Amino acid sequence: MKIVDVNAFYAPQGGGVRTYVERKLLAARQTGHDLTVIAPGENDRIEERGAGTRIRWIAAPAFPLDRKYRYFDDAARLHAALDEERPDLVEASSPWRSARFVADWPGAAPRALIMHADPLSAYAYRWFGRVASRPTIDRYFNAYWRHLLALDRRFDLIVSASQGLSQRLSDGGLGHVTTIPMGVEPGQFSSALRDPALRATLLAECGLSPGGLLLIGLGRLAAEKRWPLVIEAAMAAGCRAEIGLILIGEGNDAPRLGRLVGENPHVKLTGAIRDRALLARILASGDALIHGCEAETFCIAAAEARASGLPLIVPDQGGAADQATGPYDRRYRAASAKHAARCILELSALPRGAASSGPQRLMDSHFAELFAAYEAAALRRLAA
């Protein structure tokens with residue numbers, strides 16, 4: 001079938017969504033689907049990816065808060081591109097403006113919305129969670145729920161990768177929600193890549209001996225990721241045990257995090273690591289992954305760490321919590337640096353190399369289920 005993904009979050013220097021889209025393009029080629037990703041870019045151009053897959057860039061302005069990203073600002077131009085593509089199904093990958101543009105397109109193809117973002121958890125619950133309950137916050141942000149309900153009426157599928165997010169959407173009145181968990185790249189991450197020499201080198205860079213606990217943080221350096229909480233927890237635990245933290249990523253919060261770390265030798269900010277093989281070796285050579293964000297819709301970083309054999313230290317809400325099912329994994333109270341530090345100390349008392357357990361879901365399984373759901377939606381539309 002011909003699928004068009006209108007993806008406002010895709011950017012060459014992006015993070016988890018870029019990884020997801022690259023794997024989707026490969027999955028489409030392998031399964032014989034025709035896939036066009038329409039993304040906002042610097043100029044109009046088509047980037048062929050081979051065997052019926054491509055990225056169609058539409059010139060769009062830079063996003064003011066993060067200039068690596070751009071945003072769709074012209075519904076007519078997007079609708080013209082969809083008219084030219086003539087898709088069997090259109091996917092929107094953001095619940096904001098682009099989803100409304102896709103909903104307003106007059107074409108006959110069915111529509112799916114992928115919830116790559118959870119704005120209430122990322123912003124409203126984070127900002128006001130200390131002074132109000134979630135039901136109270138939901139009432140104050142009723143306009144956003146009305147927006148989602150309007151999209152639900154116009155989309156055939158609302159796809160969530162997290163059971164917790166799916167339940168919240170369904171409880172909010174959405175009727176077209178389906179849960180299709182994501183996964184990790186096959187053959188990329190493995191505990192067999194653990195390298196004691198690399199681990200010792202990373203600990204030495206943190207000023208620690210091989211007996212220390214090596215924590216890995218991985219993700220975009222943005223406010224909703226709560227890296228200050230992670231750094232605070234690691235520093236607090238480091239007052240009672242040898243704790244090193246390697247934080248891998250880039251983003252607008254990098255200067256603030258650098259100031260927070262200051263002269264502390266036990267926390268290192270590395271910037272982004274784009275060499276996936278090197279990243280896999282680093283993950284496998286750590287002692288645990290620590291994450292701060294309770295707003296993840298799946299948390300690819302946690303899934304990749306779990307596939308690398310690492311125990312997880314994650315908040316007890318959001319997609320990251322779904323990954324923490326192993327005997328050595330720890331869930332701390334979301335937004336609590338004190339409780340996160342306690343979990344770090346609990347893990348530091350265990351033998352190094354205590355591995356995560358359980359079967360690993362592959363991204364290929366996600367796309368097989370997703371494409372099957374799209375085919376079913378197209379058939380239902382034809383039969384209607």
Side-chain angles (χ1 to χ4, degrees), residues 1-11 14 17 20-21 24-25 28 33-49 52-63 69-117 119 143-160 169 173-178 180 297 367 370-384:
M1 66 185 303
K2 173 68 177 287
I3 302 167
V4 172
D5 173 2
V6 177
N7 200 307
F9 290 143
Y10 182 80
V17 172
Y20 175 86
V21 168
K24 182 195 284 185
L25 289 164
H33 293 293
D34 187 298
L35 173 62
T36 298
V37 176
I38 299 180
E42 291 185 24
N43 47 52
D44 293 334
R45 63 187 177 93
I46 294 178
E47 181 183 335
E48 295 290 345
R49 291 298 189 91
T53 62
R54 66 204 60 82
I55 299 175
R56 180 170 180 160
W57 301 97
I58 292 180
F63 187 61
Y69 294 90
R70 294 175 179 270
Y71 66 95
F72 294 111
D73 68 332
D74 190 329
R77 295 189 67 220
L78 179 58
H79 290 172
L82 289 172
D83 289 340
E84 291 178 16
E85 294 292 341
R86 301 178 63 187
D88 298 315
L89 181 136
V90 185
E91 172 187 315
S93 295
S94 162
W96 298 111
R97 181 196 302 253
S98 57
R100 180 164 53 81
F101 286 174
V102 168
D104 289 342
W105 177 57
R111 292 152 171 80
L113 171 61
I114 306 289
M115 293 295 293
H116 279 303
Y144 176 71
W145 280 107
R146 291 199 305 271
H147 169 71
L148 286 182
L149 289 167
L151 291 177
D152 182 65
R153 290 190 292 270
R154 303 177 71 185
F155 279 76
D156 299 73
L157 293 171
I158 309 291
V159 180
S160 161
L169 293 172
L174 277 69
H176 294 134
V177 179
T178 184
I180 304 179
T297 57
F367 289 123
L370 184 71
F371 293 157
Y374 286 177
E375 290 173 332
L379 288 174
R380 286 195 299 270
R381 181 67 67 94
L382 286 173

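Given the structure is predicted, the values throughout are model-derived calculations rather than measurements.
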* Quick one: are W105 and V6 in side-chain contact, heavy atoms under 4.5 Å? -> no
* **Nearest-0.5 Å distance, CD1 of residue I58 to CG of residue N43** => 12.0 Å
* With sequence neighbours left out, what residues match S160 under side chain to side chain contact (heavy atoms under 4.5 Å, CB included)? -> S162, L165, S166
* To do: To the nearest 0.5 Å, tell me how far L35 CG sits from E85 CD.
  => 10.0 Å
* Using modelled atom types only, decide if a donor and an acceptor are shared between the side chain of R77 and the backbone of A59 within a distance under 3.5 Å. => yes
* Asked: Side-chain contact, heavy-atom cut-off 4.5 Å: K2 with R86?
  -> no
* To do: Nearest 0.5 Å please: distance from the CG atom of D73 over to the CZ atom of R97.
  => 6.5 Å
* **Separation between CG of L113 and CG of L169, rounded to the nearest 0.5 Å** => 9.0 Å
* Do you know which of F9, Y144, F101, F72 makes ring pair (Phe, Tyr, Trp, His ring centres under 6.0 Å) with W96? -> Y144
* Asked: So do H33 and K24 actually touch side chain to side chain, heavy atoms under 4.5 Å?
  -> no
* A376: partners by side chain to side chain contact (heavy atoms under 4.5 Å, CB included), with sequence neighbours left out -> R380
* Excluding sequence neighbours, so at least two apart, what forms side chain to side chain contact (heavy atoms under 4.5 Å, CB included) with E42? -> R70
* Residue list, side chain to side chain contact (heavy atoms under 4.5 Å, CB included) with E48, at least two apart or on another chain -> I46, R54
* If you round to the nearest 0.5 Å, how far is CD1 of I38 from OG of S93? -> 11.0 Å
* Close side-chain approach of L370 to I114, heavy-atom, < 4.5 Å -> yes
* Using ring pair (Phe, Tyr, Trp, His ring centres under 6.0 Å) as the criterion, list what pairs up with Y71, not counting sequence neighbours. => none
* **Test log, rule salt bridge (charged side-chain N to carboxylate O under 4.0 Å, His left out), inputs D104 and R154** => CA-CA 9 Å; D104 289 342; R154 303 177 71 185; 2.8 Å; yes
* By side-chain hydrogen bond (donor to acceptor under 3.5 Å, both in side chains) - contacts of Y69 (at least two apart) -> none
* Asked: Do F155 and H176 come within less than 4.5 Å of each other through their side chains, counting heavy atoms only?
  -> no
* **L82 CG to T36 OG1 distance, which is reported to the nearest 0.5 Å** => 10.0 Å
* Asked: With side chains defined as the heavy atoms from C-beta onward, is the minimum distance between E91 and Y374 less than 4.5 Å?
  -> yes
* Is the backbone of V102 close enough, under 3.5 Å, to the side chain of R111 for a donor and an acceptor to pair up by distance? -> yes
